[in-house]
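Below: the structure, in structure tokens.
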Number of protein chains: 2
Amino acid sequence: MSVTIKDISKQVGVSYSTVAKALNNSPLVKESTKRKVMEAAEALGYTPNLAARSLVTKRTGLVGIVWPGIDRAALSSLVTSIQRRLAEKGLTALLSIHEPQEAIATFENLRADAILLFEESTADIIARPSHRRTPMISIGMPIKPGVPYVDMNRREAIRLAVETLAGKGYERIAYIGPYAEASMQQQEKWIGFKEGLHQAGITFQEEWIIDSRGLLWQDGYRAAKQMLKLSERPTAVISGSYDLAAGIIRAFQGEGLSVPQDIAIISYDHIPHMEQLEIPISAVGVAEADIATAVTDTLLRAIESIDNVSDRTSLTPAYIHRESD
Amino acid sequence: MSVTIKDISKQVGVSYSTVAKALNNSPLVKESTKRKVMEAAEALGYTPNLAARSLVTKRTGLVGIVWPGIDRAALSSLVTSIQRRLAEKGLTALLSIHEPQEAIATFENLRADAILLFEESTADIIARPSHRRTPMISIGMPIKPGVPYVDMNRREAIRLAVETLAGKGYERIAYIGPYAEASMQQQEKWIGFKEGLHQAGITFQEEWIIDSRGLLWQDGYRAAKQMLKLSERPTAVISGSYDLAAGIIRAFQGEGLSVPQDIAIISYDHIPHMEQLEIPISAVGVAEADIATAVTDTLLRAIESIDNVSDRTSLTPAYIHRESD
DNA sequence: TTGTAAGCGTTATCAT
DNA sequence: ATGATAACGCTTACAA
């Protein structure tokens with residue numbers, strides 16, 4: 001059996017409700033007894049029982065994160081950032097790498113204060129009975145009506161990349177990212193690409209979208225190699241993600257190409273890592289910090305009252321110049 | 001308020017204790033009422049309250065994993081594997097990416113049935129009062145006396161790699177991995193390297209350990225490039241991890257080197273991913289599946305009784321031949 | 001400033 | 001086969 005407030009109360013010689021108050025630093029308790037309680041708690045190795053507490057308070061202070069379990073630097077970085085912000089607000093983030101279904105069930109059983117769904121958690125499996133449940137928000141994409149989401153406007157971000165490149169005079173612009181079997185989030189990107197080309201008055205050519213299939217750096221490397229074989233070589237390329245970009249510049253370096261002289265590159269994913277690559281890469285996207293803030297705020301509001309948060313929180317992407325274009 | 005067993009009992013017209021039994025599929029309950037209860041539960045959208053349950057059962061079925069939050073494929077892969085095995089045993093894995101201190105506190109408050117520490121969780125911060133607490137085991141390294149660990153014998157694994165290479169006639173063997181400021185786990189590896197050389201009667205040369213600094217693929221790439229500049233080029237190289245190996249072969253390909261003709265490679269990390277690299281890489285180490293099994297078993301035994309598990313569970317590494325040596 | 005007691009949603013032990 | 005009821009460890013009126 002682990003130590004409870006009753007054990008402490010015996011030690012100190014006060015009632016256990018006084019101990020409870022002392023532990024919660026209530027102003028109703030005399031400083032001196034507070035101190036004694038704290039000391040006894042320390043000495044006995046007391047650990048509060050969250051279950052008991054939450055049973056009465058109806059709050060756990062837990063935020064469940066349904067993690068796609070994908071090794072992508074951009075995602076890890078974002079989740080870390082979110083976790084920190086939540087901690088500042090007194091909330092504790094817990095990740096589950098189970099199937100979304102199971103993960104959600106676990107967090108509901110735990111009575112997490114809110115659930116955050118990461119993008120790849122595939123939409124349709126998530127059945128939600130009409131009953132009031134744990135507030136749930138999704139990041140990146142609308143998962144289900146009734147689950148508000150934070151939208152980072154990937155379409156607009158990529159469009160902006162094209163606009164920027166076109167503005168600098170580039171006309172042979174390629175896009176590397178998942179294409180044929182892309183998820184909705186990834187589709188948005190090449191839609192933005194086409195839109196940008198159109199606005200810039202550049203005729204779209206099918207072969208200038210190179211399908212990377214996946215989103216890992218290996219995929220970027222492969223796609224870039226493939227791109228460089230094109231008879232008419234692009235002079236600029238837009239990468240669909242940080243990890244892809246890392247692979248792409250690796251391929252360029254392998255071919256002895258210099259950036260941006262031989263070929264320019266702008267990548268999606270506005271994260272600090274981008275600066276650390278061998279060649280600091282210009283980026284488009286909503287800054288990681290802004291996403292983290294928006295997500296945290298939305299989560300907090302959802303905890304207050306889920307009806308209080310709009311179905312879609314839209315963030316505005318920006319372009320950050322570095323040395324790659 | 002969410003739905004409780006009392007709500008169900010009202011619906012069905014039985015006492016809530018009967019509902020409880022029905023929900024737990026007790027044989028003491030008539031099939032027909034069981035069915036009615038289940039239906040009502042479903043209809044009302046009942047979600048069991050883990051807090052209330054665990055308060056009386058003293059078990060949560062939760063295993064807390066303290067995650068170093070490092071982007072390494074080998075680790076993600078392993079944790080996923082562990083998670084699956086735990087699920088088979090009816091346990092739910094939850095990850096925390098907080099600081100080890102906080103993470104442990106969280107899991108203790110939650111009354112997780114056990115805590116699993118991943119290697120990089122730096123040892124000394126983990127203070128443990130003498131009181132009985134949540135069983136805790138660590139993977140990879142002894143963290144603290146009293147915290148049993150599962151040892152994958154990295155030293156022996158790398159030694160085996162050297163032996164294998166030497167047995168095939170290679171004499172100019174290099175090692176790429178963290179060196180100068182390596183953690184204890186990483187030190188073990190180059191100790192195994194030196195040991196292997198010694199046994200093979202090869203004189204150790206300082207410059208044949210190339211310090212990768214980190215453990216990411218970028219680090220491997222950089223170190224390999226550096227290695228290739230050596231006046232006397234190695235004919236075989238041992239990589240300290242999967243991710244490093246990925247970077248290393250990338251570098252080789254960039255230089256137009258073919259594996260294993262121009263240079264052979266064996267890597268630490270016995271994981272499935274190794275097969276998927278452009279060049280399937282021979283590996284040494286304890287198979288991921290075996291680690292996962294050992295960890296899960298140890299965890300289960302620790303939950304039974306922490307005294308029941310030995311301080312060190314030692315696993316035996318193996319060599320797996322692929323096409324890289 | 002401290003103590004008493006009710007109650008949170010379950011499980012488990014007795015009765016019935 | 002079902003129902004009462006006492007825990008579990010805590011918070012929170014309410015009393016003293």
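Quick note on labels: first sequence line is chain A, next is B, and so on, each numbered from 1.
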Just jot down the side chain to side chain contact (heavy atoms under 4.5 Å, CB included) partners of [X], sequence neighbours excluded, or say none.
X        : answer
B/Thr80  : A/Ile97, B/Arg84
B/Asp113 : B/Arg59, B/Thr60, B/Leu91, B/Ile303
A/Lys30  : A/Ser32, A/Thr33
A/Ala289 : A/Arg85

What is the distance, to the nearest angstrom, from the [atom1] atom on [X] to the [atom2] atom on [N]?
X        : N      : atom1 : atom2 : answer
B/Leu55  : C/dT11 : CG    : P     : 11 Å
A/Lys6   : D/dA7  : NZ    : P     : 9 Å
B/Arg111 : C/dT11 : CZ    : C1'   : 18 Å
A/Ile5   : C/dT2  : CD1   : P     : 15 Å
B/Leu23  : C/dG9  : CG    : C1'   : 12 Å
B/Leu50  : D/dG9  : CG    : P     : 16 Å
A/Arg59  : D/dT11 : CZ    : P     : 14 Å
A/Lys58  : D/dT12 : NZ    : P     : 12 Å

>> Checking contacts here: which listed nucleotide (D/dG9, D/dT11, C/dG9) is nearest the side-chain heavy atoms of A/Arg53?
In response: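 Ranking D/dG9, D/dT11, C/dG9 by closest atom to the A/Arg53 side chain puts D/dT11 first.
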
>> I want to verify a distance call: between C/dT10, C/dT11, D/dT11, whose nearest atom is closest to the B/Thr4 side chain?
In response: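 The listed nucleotide nearest to B/Thr4's side chain is C/dT10.
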
>> Would you say A/Asn24 places a side-chain N or O within less than 4.0 Å of OP1 or OP2 belonging to D/dT11?
In response: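 Checking D/dT11 against A/Asn24, a side-chain N or O does come within under 4.0 Å of OP1 or OP2.
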
> Which residues in residues 28-40 of chain A have at least one heavy atom lying under 4.0 Å from any atom of DNA chain D?
Replying inline: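 Listed by number, there are none.
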
> Restricting to pairs with a member in residues 300-314 of chain A, which pass side chain to side chain donor-acceptor pair (under 3.5 Å), not counting sequence neighbours?
Replying inline: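 Listed by first then second residue: A/Tyr149-A/Arg312, A/Asp151-A/Arg312, A/Asn153-A/Ser314, A/Arg312-A/Ser314.
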
> Mind checking what makes side-chain hydrogen bond (donor to acceptor under 3.5 Å, both in side chains) contact with A/Glu188, not counting sequence neighbours?
Replying inline: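 For A/Glu188 there are no side-chain hydrogen bond (donor to acceptor under 3.5 Å, both in side chains) partners, ignoring immediate neighbours.
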
> Can you list the residues that meet the side-chain hydrogen bond (donor to acceptor under 3.5 Å, both in side chains) rule with B/Ser9, with sequence neighbours excluded?
Replying inline: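 B/Ser9: no side-chain hydrogen bond (donor to acceptor under 3.5 Å, both in side chains) contacts found.
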
> Is there side-chain contact between A/Phe107 and A/Val66, with at least one heavy-atom pair below 4.5 Å?
Replying inline: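 Sidechains of A/Val66 and A/Phe107: in contact.
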
> Would you say A/Thr298 and A/Ile139 make side-chain contact, with heavy atoms under 4.5 Å?
Replying inline: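 Result no, sub-4.5 Å side-chain heavy-atom pair not found.
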
>> Quick check on the helix from C/dT1-D/dA16 to C/dT16-D/dA1: what's the angle between its two end axes, five base pairs per end, to the nearest 10°?
In response: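 One end's axis against the other's: 40°.
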
Output a table of donor-acceptor pairs, distance under 3.5 Å, between side-chain atoms of residues 20-27 of chain A and any protein atom two or more places apart or on a different chain; print 'none' if there are none.
residue : atom : partner : partner atom : Å
A/Asn24 : ND2  : A/Ala20 : O            : 3.2
A/Asn25 : OD1  : A/Lys34 : NZ           : 2.9
A/Ser26 : OG   : A/Leu28 : N            : 3.0

Using a cut-off of under 3.5 Å, enumerate the N/O to N/O pairs linking the protein to nucleotides 3-6 of chain C.
residue : atom : partner : partner atom : Å
C/dG3   : OP2  : A/Ser15 : N            : 2.6
C/dG3   : OP2  : A/Ser15 : OG           : 3.2
C/dG3   : OP2  : A/Thr18 : OG1          : 2.8
C/dG3   : N7   : A/Ser17 : OG           : 3.3
C/dG3   : N7   : A/Lys21 : NZ           : 3.4
C/dG3   : O6   : A/Lys21 : NZ           : 2.6
C/dT4   : O4   : A/Ser17 : OG           : 2.8

> Taking only residues two or more places apart in sequence, or in another chain, which ones meet A/His98 in a ring-ring contact (aromatic ring centres under 6.0 Å, His included)?
Replying inline: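 Checked A/His98 against ring-ring contact (aromatic ring centres under 6.0 Å, His included); zero matches.
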
